[in-house]
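What you see below is based on every heavy atom in this structure, not just the backbone, and it leaves out hydrogens, waters and symmetry mates.
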Amino acid sequence: MTLELYTPDPAARYTLEEAARLTHLPRRQIVLYCQDGLVAPVGAPEAGGWTFNDEGLRRLRRLAELHRTYQLSLPALRLIVELQDQVERLQQELRFWRTL
């Protein structure tokens with residue numbers, strides 16, 4: 001028996017309703033996060049509704065966990081997410097330099 005790792009489909013798209021169901025967030029909260037620039041949908045409302053990819057869902061889950069755990073305001077969430085993104089970029093850069 002071999003273990004197969006889950007590989008997300010880069011072309012997968014989720015509607016606002018699906019994103020709400022998968023992240024356990026109210027649609028209104030997701031829209032608020034989008035309007036505040038904390039997460040970016042890959043499809044615009046004018047083009048048939050907001051859609052999200054796997055990265056968007058991952059970010060929504062992270063925002064929900066931070067909000068639930070620490071009761072952070074939107075500006076505080078923005079700061080923490082920006083810092084987490086910067087740490088991830090620096091870790092990727094460090095891994096790159098270690099392979100040389």
**Prompt:** Step by step, would you call L72 with L79 a side-chain contact (heavy atoms from CB on, under 4.5 Å)?
**Reply:** CA-CA 10 Å; L72 298 172; L79 177 62; over 6 Å; no
Nearest 0.5 Å, please: how far is [atom2] in [Y] from [atom1] in [X]?
{"X": "L60", "Y": "C34", "atom1": "CG", "atom2": "SG", "value": "6.5 Å"}
{"X": "I30", "Y": "Q35", "atom1": "CD1", "atom2": "CD", "value": "12.0 Å"}
{"X": "T15", "Y": "R21", "atom1": "OG1", "atom2": "CZ", "value": "8.5 Å"}
{"X": "F52", "Y": "T23", "atom1": "CZ", "atom2": "OG1", "value": "8.5 Å"}
{"X": "L66", "Y": "Q71", "atom1": "CG", "atom2": "CD", "value": "11.5 Å"}
{"X": "I80", "Y": "D85", "atom1": "CD1", "atom2": "CG", "value": "12.0 Å"}

Determine yes or no for a side-chain-to-main-chain donor-acceptor pair under 3.5 angstrom, with [X] supplying the side chain and [Y] the backbone.
{"X": "D36", "Y": "L38", "value": "no"}
{"X": "R59", "Y": "V81", "value": "no"}
{"X": "Q29", "Y": "P26", "value": "no"}

**Message:** Please determine whether a side-chain nitrogen of the Lys or Arg among R68 and E65 lies less than 4.0 Å from a carboxylate oxygen of the Asp or Glu.
**Reply:** yes
**Prompt:** Going by an N to O cut-off under 4.0 Å, is there a salt bridge joining R58 and E88?
**Reply:** yes
**Prompt:** Would you call L77 and Y33 a side-chain contact if the rule is heavy atoms closer than 4.5 Å?
**Reply:** yes
**Prompt:** Is any side-chain heavy atom of L32 less than 4.5 Å from a side-chain heavy atom of L74?
**Reply:** yes
**Prompt:** Heavy-atom count around R95 CZ within 6.0 Å, excluding the residue itself: above 12?
**Reply:** yes
**Heavy-atom pair of closest approach, residues N53 and R13** = CB-NH1, 3.4 Å
**Message:** Please find the pair of heavy atoms, one from R27 and one from A20, that lie closest to each other, and give the distance.
**Reply:** CG-CB, 3.8 Å
**Message:** Check for me, please, whether V42 and V39 land in the same ILVMFWY cluster - side-chain distances under 4.5 Å, paths through other members count.
**Reply:** no
**Request:** Scan side-chain atoms only and decide if Q92 and R89 contain a donor-acceptor pair under the 3.5 Å cut-off.
**Result:** no
